[in-house]
Amino acid sequence: MKITKLVVLFNYQKIVLGFIVSVLLCALSFWINSTPVILILRILSALIIINIFASLLASYILYDHSDLYELKKLKGIVDWNKTENAILVHASFDPLSKRLEEKYPDLNLTVCDIFENRHEQEKGIETSKKVFPPNPKEIKIKPDHLPFENQSHDVILAITALHEILDHDQRVLFFKEAKRILKDDGVIIVSEQFRDLTNFLFFNIGAFHFLSKKQWTKSISEAGLEIIENKKITPFANMLTLKK
């Protein structure tokens, strides 16, 4: 439940506003004499409450009750015991690097935080960093420059981070840089929520925070990379495996 609690923290203003609007709509319905209007107001009130709880349930399933941070679905794709150099990219939120380092002490893992991502401005970021302290070896990166040598890494792992690169051209440059530093037999793993019907149903306008499958495919192909597998982690997120 750790991450779901953080989701509530990050979105508590929207959640409180939703409850207030729902209560006001319901209260207003008692002052209206028109039966159709009363019905509409009460349905809208109920839908707001349902959407709030649906989004929290979806967050729990995605973040705390799935393979998103367990990486079990990487079996057969990445052998961590044989991986020498790996990069983990995040956007000011890192619940994974400590776990990887503890489980694979011989892994040379570099943790990269995307510079000036939207999460840096959120009020709850300090609390999230107390729950998941930043890796002491963490470095800041810009999407258009990864400070590593050519063909130096076996695995590049980005978990719900790259959608924070808002500009299409910057995403293409990131993937080009990732391709440059990736070994010929290396892989790039990108796990993200898509802007699709399922996420619209559960997260409503919050789904606009993410990119569509078409946008991801365009960015990746323009960088000269290939999606060799598109696997569902949960109904709300996909894991893309990329190679040269």
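Quantities reported herein were computed from a predicted structural model and do not represent experimental measurements.
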Say whether, by atom type as modelled, one donor and one acceptor occur between the side chain of [X] and the main chain of [Y] under 3.5 angstrom.
X      : Y      : value
Ser152 : Phe148 : no
Glu192 : Ala237 : no
Asn199 : Ala207 : no
Asn204 : Gly206 : no
Asn135 : Val111 : no
Arg171 : Leu162 : no

Which heavy-atom pair separates [X] from [Y] by the least distance, and what is that distance?
X      : Y      : answer
Ile52  : Ser55  : O-OG, 2.7 Å
Phe175 : Leu242 : CE2-CD1, 3.7 Å
Thr4   : Tyr60  : OG1-CA, 3.2 Å
Ser221 : Lys218 : OG-O, 3.1 Å

[atom2] on [Y] to [atom1] on [X], rounded to 0.5 Å:
X      : Y      : atom1 : atom2 : result
Asp169 : Ser219 : CG    : OG    : 9.0 Å
Ile15  : Ile48  : CD1   : CD1   : 13.5 Å
Leu146 : Ile141 : CG    : CD1   : 5.0 Å
Ile188 : Phe174 : CD1   : CZ    : 7.0 Å
Gln193 : Thr198 : CD    : OG1   : 10.5 Å
Ser22  : Asn51  : OG    : CG    : 11.0 Å

Next item on the list: Check the pair Phe30 / Arg42 against side-chain contact (heavy atoms from CB on, under 4.5 Å), numbers first and verdict last.
Entry: CA-CA 10 Å; Phe30 289 96; Arg42 291 181 182 178; 3.2 Å; yes
Hey, any chance [X] and [Y] share a hydrophobic cluster, counting ILVMFWY side chains that come within less than 4.5 Å of each other, even indirectly?
X      : Y      : answer
Phe236 : Leu57  : yes
Val37  : Leu25  : yes
Ile139 : Leu182 : yes
Ile114 : Leu240 : yes
Val21  : Leu56  : yes

Do [X] and [Y] come within less than 4.5 Å of each other through their side chains, counting heavy atoms only?
X      : Y      : answer
Ile233 : Ser191 : yes
Met239 : Ile77  : yes
Thr110 : Asn85  : no
Pro95  : Tyr69  : yes
Phe210 : Asp196 : no
Ile205 : Phe200 : no
Ile189 : Leu71  : no
Cys112 : Ile87  : yes

Next item on the list: Could you tell me whether the side chains of His209 and Glu164 share a donor-acceptor contact shorter than 3.5 Å?
Entry: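 Their side chains do contain a donor-acceptor pair, which is all the 3.5 Å distance test asks for.
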Checklist line | Residue pair Lys73, Glu229: steps toward the side-chain contact (heavy atoms from CB on, under 4.5 Å) verdict | finding: CA-CA 12 Å; Lys73 284 185 168 58; Glu229 187 174 32; over 6 Å; no
Looking at [Y] and [X], is any side-chain nitrogen of the basic one under 4.0 Å from a carboxylate oxygen of the acidic one?
X      : Y      : result
Glu226 : Lys179 : no
Arg180 : Glu177 : yes
Asp154 : Lys183 : yes

Checklist line | Pairs meeting criterion side chain to side chain donor-acceptor pair (under 3.5 Å) with involvement of residues 231-244, two or more places apart | finding: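 Checked against side chain to side chain donor-acceptor pair (under 3.5 Å) - neighbours excluded - the pairs reaching residues 231-244 are Asp184-Lys244, Asn230-Asn238, Lys232-Asn238.
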Note to self: Before you tell me yes or no, could you show the steps for Asp113 and Val89 under side-chain contact (heavy atoms from CB on, under 4.5 Å), namely the whole-Å CA-CA distance, both residues' side-chain angles and the distance that decides it to 0.1 Å?
What the structure shows: CA-CA 6 Å; Asp113 184 14; Val89 180; over 6 Å; no
Note to self: Before you tell me yes or no, could you show the steps for His90 and Glu138 under side-chain hydrogen bond (donor to acceptor under 3.5 Å, both in side chains), namely the whole-Å CA-CA distance, both residues' side-chain angles and the distance that decides it to 0.1 Å?
What the structure shows: CA-CA 10 Å; His90 70 83; Glu138 176 181 290; 2.8 Å; yes
Next item on the list: Assess Arg195 against Phe203: is NZ or CZ under 6.0 Å from the centre of the six-membered ring, and within 45 degrees of the ring's axis?
Entry: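 Checked: cation-pi criterion not met.
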Notebook entry, point to check: NE2 of His65: more than 12 outside heavy atoms within 6.0 angstrom?
Noted result: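 Atom NE2 in His65 is not packed in, count stays at 12 or less.
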Margin query: Run Trp80 and Leu74 through side-chain contact (heavy atoms from CB on, under 4.5 Å) and show every step you take.
Written below: CA-CA 9 Å; Trp80 293 109; Leu74 286 180; 4.0 Å; yes
